[in-house]
Amino acid sequence: ACNPVSAILMGIAQDSFKFENTANQILDSVARIGLFNVYVGLACFLFSALNEICWTCLGDRLGIKVRTLYLKALLAKNVAWFDENKPQELPTKISSLVALFQNGVGEKVGKVVMTAAMGIIGVTIALIYGWELALVLIGIFPLMMVSGVLLGYAVTT
């Protein structure tokens, strides 16, 4: 959500450089918008930190729960299962799988939520400030997605 709001503030700052404005008016306007930028930056820092903390704590708590359930499932196995699988590998397997799970839930989901929120807020701001151009870009968006997927496919192969 910070990038769309910062873009609006930069547009307002650029609008203050009009020929009819005096130097003092321009300085006052730019100083006020610079202060708003600082406030937006602080808010973005706080919300990003809170987002990261919450999702990391959720990932840790889910990791503990998964470890507990995995251990209960292992203890419920038949003894013959332990003859087929190597018991000395189980702690390493549990740790690596839970670490992947925690990383996926804690870090990646938080980034997806933050990116989705920024996209929704960006589209909303675009529709408010320039709905004609926003509708054109929304119409072109599927083509941009297809070209991005094709480019990603071409790079990986």
Side-chain angles (χ1 to χ4, degrees), residues 1-73 90-156:
C2 299
N3 289 343
V5 174
S6 295
I8 289 173
L9 290 175
M10 287 301 289
I12 294 170
Q14 289 174 353
D15 283 345
S16 66
F17 291 102
K18 295 179 182 172
F19 289 115
E20 61 265 6
N21 289 348
T22 64
N24 288 336
Q25 289 174 332
I26 293 172
L27 286 175
D28 289 341
S29 176
V30 170
R32 184 177 32 113
I33 292 168
L35 193 58
F36 285 146
N37 253 338
V38 170
Y39 294 148
V40 168
L42 288 174
C44 287
F45 173 75
L46 291 175
F47 285 124
S48 296
L50 182 66
N51 183 24
E52 190 70 25
I53 289 168
C54 289
W55 284 105
T56 303
C57 288
L58 178 69
D60 291 344
R61 292 182 75 176
L62 285 176
I64 292 169
K65 184 75 171 171
V66 166
R67 276 192 183 106
T68 305
L69 292 174
Y70 198 83
L71 182 61
K72 285 181 182 177
L90 291 177
T92 306
K93 186 177 180 181
I94 292 171
S95 295
S96 64
L97 289 175
V98 170
L100 284 172
F101 181 74
Q102 284 177 332
N103 188 21
V105 170
E107 207 174 299
K108 307 245 183 326
V109 173
K111 287 182 182 178
V112 167
V113 167
M114 198 163 58
T115 303
M118 188 170 49
I120 290 169
I121 290 172
V123 168
T124 303
I125 289 173
L127 288 170
I128 290 170
Y129 277 90
W131 63 272
E132 297 98 348
L133 182 60
L135 288 177
V136 169
L137 291 176
I138 289 172
I140 294 174
F141 185 71
L143 296 175
M144 292 177 3
M145 288 297 293
V146 168
S147 66
V149 167
L150 292 175
L151 182 64
Y153 180 74
V155 169
T156 56

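From a predicted model like this one, the values you see are computed outputs, not experimental measurements. Sequential numbering from 1 along the given sequence is applied to the chain's residues.
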Strictly distance-based, threshold 3.5 Å: is any side-chain N or O of [X] a donor or acceptor partner for the main-chain N or O of [Y]?
X: Thr56; Y: Ile53; value: no
X: Ser29; Y: Gln25; value: no
X: Ser95; Y: Thr92; value: no
X: Ser48; Y: Phe45; value: no

How long is the straight-line distance from [atom2] of [Y] back to [atom1] of [X], given to the nearest 0.5 Å?
X: Leu137; Y: Met144; atom1: CG; atom2: CE; result: 7.0 Å
X: Leu27; Y: Ser16; atom1: CG; atom2: OG; result: 9.0 Å
X: Lys111; Y: Glu52; atom1: NZ; atom2: CD; result: 7.0 Å
X: Asn3; Y: Ile8; atom1: CG; atom2: CD1; result: 11.5 Å
X: Ile33; Y: Gln14; atom1: CD1; atom2: CD; result: 10.0 Å

Within-4.5 Å side-chain heavy-atom neighbours: Phe17 and Val30: yes

Would a 4.5 Å heavy-atom cut-off, applied to side chains only, mark Leu127 and Leu135 as touching? yes

Closest heavy-atom contact between [X] and [Y]?
X: Thr156; Y: Tyr153; answer: OG1-O, 3.1 Å
X: Val105; Y: Trp55; answer: O-CE3, 3.7 Å
X: Gly63; Y: Gln102; answer: CA-NE2, 3.6 Å
X: Ile26; Y: Lys18; answer: CD1-O, 4.4 Å
X: Ser6; Y: Asn37; answer: OG-OD1, 4.1 Å

So does Tyr70 have more than 12 non-hydrogen atoms from other groups sitting under 6.0 Å from OH? yes

